[in-house]
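To start, the structure under review is shown below, and the notes come after it.
In the text below, chain A, chain B and the rest are named by the order of the sequence lines, each starting its count at 1.
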There are 2 protein chains.
Amino acid sequence: MVVKQTMSAAMKATEQEADAGKTQGTGTQTLLRGLALLECVAAGICDVKGIATRLGTPRSTTNRMLASLVAEGYLHHIPYKGYLLGPKLIQLGMKALEQRPLVAIARPHIETLAEATGDTVHLGVEENGEVFYLDKIPGTRGLEMRSRTGQRMPLASTGLGKALMLGMPPARWQALHALTCPAGSPAGRPRPAEWPVFEEQLSRYVAQGWAMDLEENELGIRCVAAPVRDGRNLVVAAVSVASAVPYMPEDRMTTLGPLVRATAEAISKDLGWTEP
Amino acid sequence: MVVKQTMSAAMKATEQEADAGKTQGTGTQTLLRGLALLECVAAGICDVKGIATRLGTPRSTTNRMLASLVAEGYLHHIPYKGYLLGPKLIQLGMKALEQRPLVAIARPHIETLAEATGDTVHLGVEENGEVFYLDKIPGTRGLEMRSRTGQRMPLASTGLGKALMLGMPPARWQALHALTCPAGSPAGRPRPAEWPVFEEQLSRYVAQGWAMDLEENELGIRCVAAPVRDGRNLVVAAVSVASAVPYMPEDRMTTLGPLVRATAEAISKDLGWTEP
DNA sequence: CCGATTGTCCCACTATTTGGCACTATGCGG
DNA sequence: CCGCATAGTGCCAAATAGTGGGACAATCGG
């Protein structure tokens with residue numbers, strides 16, 4: 001329901017390399033044409049003529065490909081009515097969603113982030129009301145963080161956790177916050193802000209797309225984090241950059257925010273996520 | 001594999017053309033190979049060598065296709081690590097899910113069902129606690145049903161509605177049942193069984209995969225219905241066969257049940273659904 | 001440090017695609 | 001009820017697009 005126009009119209013593009021913008025002519029024209037065809041149908045063009053003009057292929061060729069795609073289940077064919085994306089695509093889409101080894105996919109991105117910042121970078125997911133560290137890249141500043149992949153931490157007192165909470169309904173926030181700050185907990189240990197304040201903070205973080213952690217989990221450690229979303233636009237993970245206070249003054253955090261957020265979004269896109 | 005003759009060299013043993021019935025006189029080998037490759041990756045083979053052997057293509061060819069698929073976003077590539085289904089597939093999968101005009105897809109199936117039974121066939125979805133008739137094929141027995149596509153009916157008193165309820169958590173059943181039978185409703189009008197009994201009926205229907213309606217909505221009309229599921233295994237619609245009591249004795253309904261269920265499943269498959 | 005895989009190029013050969021054309025089937029609008 | 005525009009199906013000569021062998025370099029795993 002996004003696009004609807006895209007009539008045939010001009011946009012001729014004789015043939016051979018329709019979208020010049022594509023990657024350099026590879027050596028699999030037929031495959032590429034077929035895929036283009038799929039995307040064409042995905043865009044809403046469902047009549048043969050439209051498709052044919054859209055990608056500049058003659059009727060016979062177009063039909064031949066359509067037939068193959070239908071035969072394989074990538075397209076649905078309603079005779080004399082049109083073509084639609086087929087079941088196989090739904091199937092593969094689901095598989096792609098499962099099969100996704102978050103860590104492997106996120107690696108390159110968090111490595112880039114690590115190099116760019118020089119600080120420790122974490123990747124984590126929510127599990128059972130806690131943060132679960134999936135990956136970690138040590139900083140190059142000499143200092144060692146206690147965190148370790150495979151470790152668990154409270155959601156409300158870590159940057160990673162707060163980023164994960166940004167994807168939850170605000171109704172759950174209080175419970176998780178309470179879970180992090182047991183009834184008569186000693187004020188001696190670092191801890192997140194008191195409830196009303198905490199809620200305000202999270203709301204602000206939601207708005208800006210990234211969260212902060214000001215020594216709330218570990219004294220002397222601050223971090224900036226952002227949520228990672230999947231194809232369904234659900235928050236499935238978060239990334240964070242952490243360092244010692246001296247390296248993390250307020251203004252640096254403000255600068256880092258958008259960067260971390262960008263990294264998180266890059267990962268999101270690799271997971272099939274698309275802009276609002 | 002019916003790829004003509006004149007093949008000779010290369011493509012020896014390893015060929016076995018992956019998934020059997022595949023290519024059958026086509027004319028888009030490259031496209032098909034590419035798609036086969038996708039399914040191969042979907043199946044979990046993520047190393048080049050494995051893929052190459054799996055579909056009998058030489059290394060160079062395989063790599064070429066992989067590169068194209070990666071370039072187009074259909075695959076994810078983690079250098080020296082392997083290949084995974086890419087974001088584009090998730091994207092297309094989601095689109096396929098939306099784009100699905102249930103009616104158009106179900107038509108052929110319900111027409112077949114209509115011809116086979118000679119009775120009125122309905123297709124409907126749940127909407128706001130009611131059944132919403134999406135399509136109807138009049139029976140050939142002369143009698144006319146009052147139902148009309150676009151009409152709404154209570155869930156609990158129609159076969160279609162009950163089939164739709166089979167996909168809901170039993171916890172919601174009672175509320176919907178109550179909604180159909182207002183407080184001091186007159187016993188004069190047809191209505192579903194009293195609560196405890198109704199629940200038992202639904203449970204049985206869940207087990208057998210199809211539901212019945214014994215003049216609970218309209219006197220003299222009985223019907224057999226079954227739920228249609230989509231790629232996420234969620235009930236998104238239902239089909240039913242309805243007719244006048246004389247044409248619908250108990251034993252005929254028992255015979256019809258599996259048939260209606262089969263039709264519903266056929267539609268489900270077209271929607272991307274796969275067996276338990 | 002070695003062996004096994006993978007990512008890349010190059011290139012001659014031909015099988016795989018191409019796209020025109022001719023016909024039939026079907027849908028839509030009047 | 002009729003006709004046009006679009007869709008579905010084959011056939012076929014031509015040549016383009018794809019194939020696969022082979023040689024290297026970059027990496028990984030151990």
Side-chain angles (χ1 to χ4, degrees), chain A residues 7-8 14-18 22-37 40-41 45-71 75-84 104 107-108 111, chain B residues 1-15 17 22-37 41 45-71 75-84 104 107-108 111:
Chain A
M7 292 312 292
S8 43
T14 15
E15 49 131 337
Q16 67 154 199
E17 235 45 70
K22 234 60 190 193
T23 324
Q24 65 270 138
T26 321
T28 42
Q29 176 199 87
T30 311
L31 214 198
L32 293 177
R33 278 184 172 179
L35 300 180
L37 206 162
C40 191
V41 175
I45 326 274
C46 56
D47 60 312
V48 183
K49 191 167 195 182
I51 299 174
T53 32
R54 182 76 167 69
L55 34 83
T57 49
R59 247 162 48 83
S60 51
T61 302
T62 308
N63 270 330
R64 204 179 321 133
M65 290 194 293
L66 282 170
S68 291
L69 288 171
V70 169
L75 286 182
H76 233 292
H77 181 33
I78 304 173
Y80 297 100
K81 272 286 219 161
Y83 293 81
L84 294 160
R107 261 291 169 61
E111 276 176 350
Chain B
M1 112 119 180
V2 196
V3 190
K4 305 297 121 56
Q5 55 296 62
T6 36
M7 207 6 188
S8 64
M11 198 114 183
K12 50 291 198 69
T14 44
E15 60 113 343
E17 216 43 58
K22 151 138 290 137
T23 333
Q24 54 138 296
T26 317
T28 43
Q29 177 198 86
T30 311
L31 213 198
L32 293 176
R33 279 184 171 178
L35 299 180
L37 206 162
V41 174
I45 326 276
C46 56
D47 60 311
V48 183
K49 191 167 196 179
I51 299 174
T53 27
R54 183 74 167 69
L55 35 82
T57 49
R59 246 164 45 82
S60 51
T61 302
T62 308
N63 269 342
R64 204 180 323 134
M65 290 194 293
L66 283 171
S68 291
L69 288 171
V70 169
L75 287 183
H76 232 290
H77 181 31
I78 304 173
Y80 296 102
K81 271 285 216 160
Y83 293 80
L84 294 161
R107 260 291 168 62
E111 277 178 351

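Protein atom NE2 of A/H77 is 17 Å distant from nucleotide atom P of D/dT6, rounded to whole Å. Counting to the nearest Å, the C1' atom of C/dG3 and the NZ atom of B/K49 are 12 Å from each other. Going from atom CZ of A/R59 over to atom P of D/dT9 covers 11 Å, rounded to whole Å. Counting to the nearest Å, the P atom of C/dT6 and the CD1 atom of B/I45 are 13 Å from each other. Rounded to whole Å, atom P of C/dT5 lies 9 Å from atom CG of B/D47. For A/N63 and C/dT18, the CG to P distance is 13 Å, given to the nearest whole Å. Summarising the geometry, the separation between CG on B/L31 and P on C/dA15 is reported as 21 Å, rounded to the nearest angstrom. Summarising the geometry, the separation between NZ on B/K81 and P on C/dT6 is reported as 13 Å, rounded to the nearest angstrom.
For A/I78 and B/M65, each mapped to the nucleotide of DNA chain D holding its nearest heavy atom, the one lying further toward the 5' end belongs to A/I78. When each of A/Y80 and A/T61 is assigned the nucleotide of DNA chain C with its nearest heavy atom, A/T61 is the one assigned upstream, toward the 5' end. Both A/P79 and A/R64 lie close to DNA chain C; mapped to their nearest nucleotides by heavy-atom distance, the more 5′-ward contact belongs to A/R64.
Within 4.0 Å (heavy atoms only), B/T30 reaches sugar-phosphate atoms of the nucleic acid but no base atom.
A donor-acceptor pair shorter than 3.5 Å cannot be found between the side chains of B/T28 and A/T30.
Using a 4.5 Å heavy-atom threshold, the side chains of B/I45 and B/T53 count as separate. Side-chain contact between A/L69 and B/L35 is present, with at least one heavy-atom pair separated by less than 4.5 Å. In this structure the side chain of B/L75 reaches within 4.5 angstrom of the side chain of B/L37, judged on heavy atoms.
Close to D/dG20, at under 4.0 Å from its OP1 or OP2, lies a side-chain N or O of B/R33. A close approach under 4.0 Å does not occur between any side-chain nitrogen or oxygen of B/Q29 and OP1 or OP2 of D/dA17.
With rounding to the nearest 0.5 Å, the separation of OH in A/Y83 from CG in A/L66 is 4.5 Å.
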